[in-house]
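Below you'll find the structure, written out as structure tokens, and then a few comments.
When a ligand or atom number is given, it counts from 1 through the structure's own listing order.
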Amino acid sequence: MTIDRLTLRKFLLQEKEKHGLDQDMMLLLEDIATSCRIIAHQIRNGPFLDILGAAETENVQGETQKQLDVIANDIFLSHCSNCARVAALVSEEIDEVIWLKDRPRKGDYLVYFDPLDGSSNLNVNLSVGSIFSVVELEEDLSELSNEAVLIRGSEQICAGYSLYGPSTSLVFSTGQGVNGFTHKIGSGEFLLTFPDMKLPAETGEFAINASRFRSWNAPVRRYVEECIDGEDGVRGKTFNMRWTASMVAEIHRILMRGGVFLYPRDAANAHMGGKLRLLYEANPMGFIIEQAGGRASTGWERILDVQPTGHHQRISVIMGCRDEVELIERYHDEAGD
Ligand code: P6P
């Protein structure tokens, strides 16, 4: 039986009617959706196009880029530049801020994105994703400085991701909850398949790279050990662990069935402030998690309250079901570190 599902366009028109979604935001979201459809196509055909390997270049993080990192970045750059309201683009793959206007005005959009997150999964045919975040300028800019894009995650007006898995999901929020779409191959449409996504308050599943155990601080080690102690321990229940080396896949799984994701600042990455990037990974995913009823923290403070100090700044990330994140924050508070 085929269910008559809303197309992305019809959903956005409904949001415009119900919540006053701006026409320019509608155009930008449709351009982002087009980018994701094209990237999904490139990934699925990657083995035939010989583009799954490394490029000859490094990104600003000093990481060797995959060819598809570069391709996905170019796709996002070209499509997000269509919208006349976009004043600047910040990409994980590009060192400098890309200014599209000489005199950005109040109301213009700043778009931050990780065009292909988890790309080390590409050549082993595992899930990867794209992450995006949009902020609206609150005043005219007198100069085009990198500082102008250092805006707190709490100011986001839209954030989302696309997951390139067995199917291609597009999940985003414009501040009115979280909705998930699936690309119907052949039709070119993203159809509403996961309306009003909500996180349960508690969970029995955590996601962390356990190989970093020796570097964790005491609160994280305490939390994970208590999960592993299971029914015989203080938690009195069994926990499961997952790790897919793709934040987009982890967060999507958490949105679909609960869980908590941890990539904490630890002894091995503290010199960088953590591993994951604030503006185009932690902030957008934190916005989505909060809109779905969860919590997003560094362990010490709400991620969306962090004042960025650099557009490629890294940060400690703990997000997911509220009860679990609050417990981990309590452990940080008790440890005083
Ligand atoms: P590790 C991918 O490179 C990423 O930025 C996130 O998507 C993912 O959660 C994490 O890093 C994986 O890191 O140390 O397990 O390879």
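- For R103, the CZ atom is loosely surrounded, since the number of other residues' heavy atoms within 6.0 Å does not exceed 12.
- Listed as neighbours of ligand 1 are D117, G118, N209, W243, A245, S246, M247, F261, Y263, K275, L276, R277, E281, each bearing a heavy atom under 4.0 Å from the ligand.
- R85 places no side-chain N or O within donor-acceptor distance of the main-chain N or O of M25, the cut-off being under 3.5 Å.
- Aromatic pair W243/F261: centroids less than 6.0 angstrom apart.
- A cation-pi arrangement, defined by a distance under 6.0 Å to the six-membered ring centre and an angle within 45 degrees of its axis, is absent between R265 and W216.
- A donor-acceptor pair shorter than 3.5 Å can be found between the side chains of Y223 and E324.
- At a threshold of 4.5 Å between non-hydrogen side-chain atoms, the residues Q42 and L49 count as touching.
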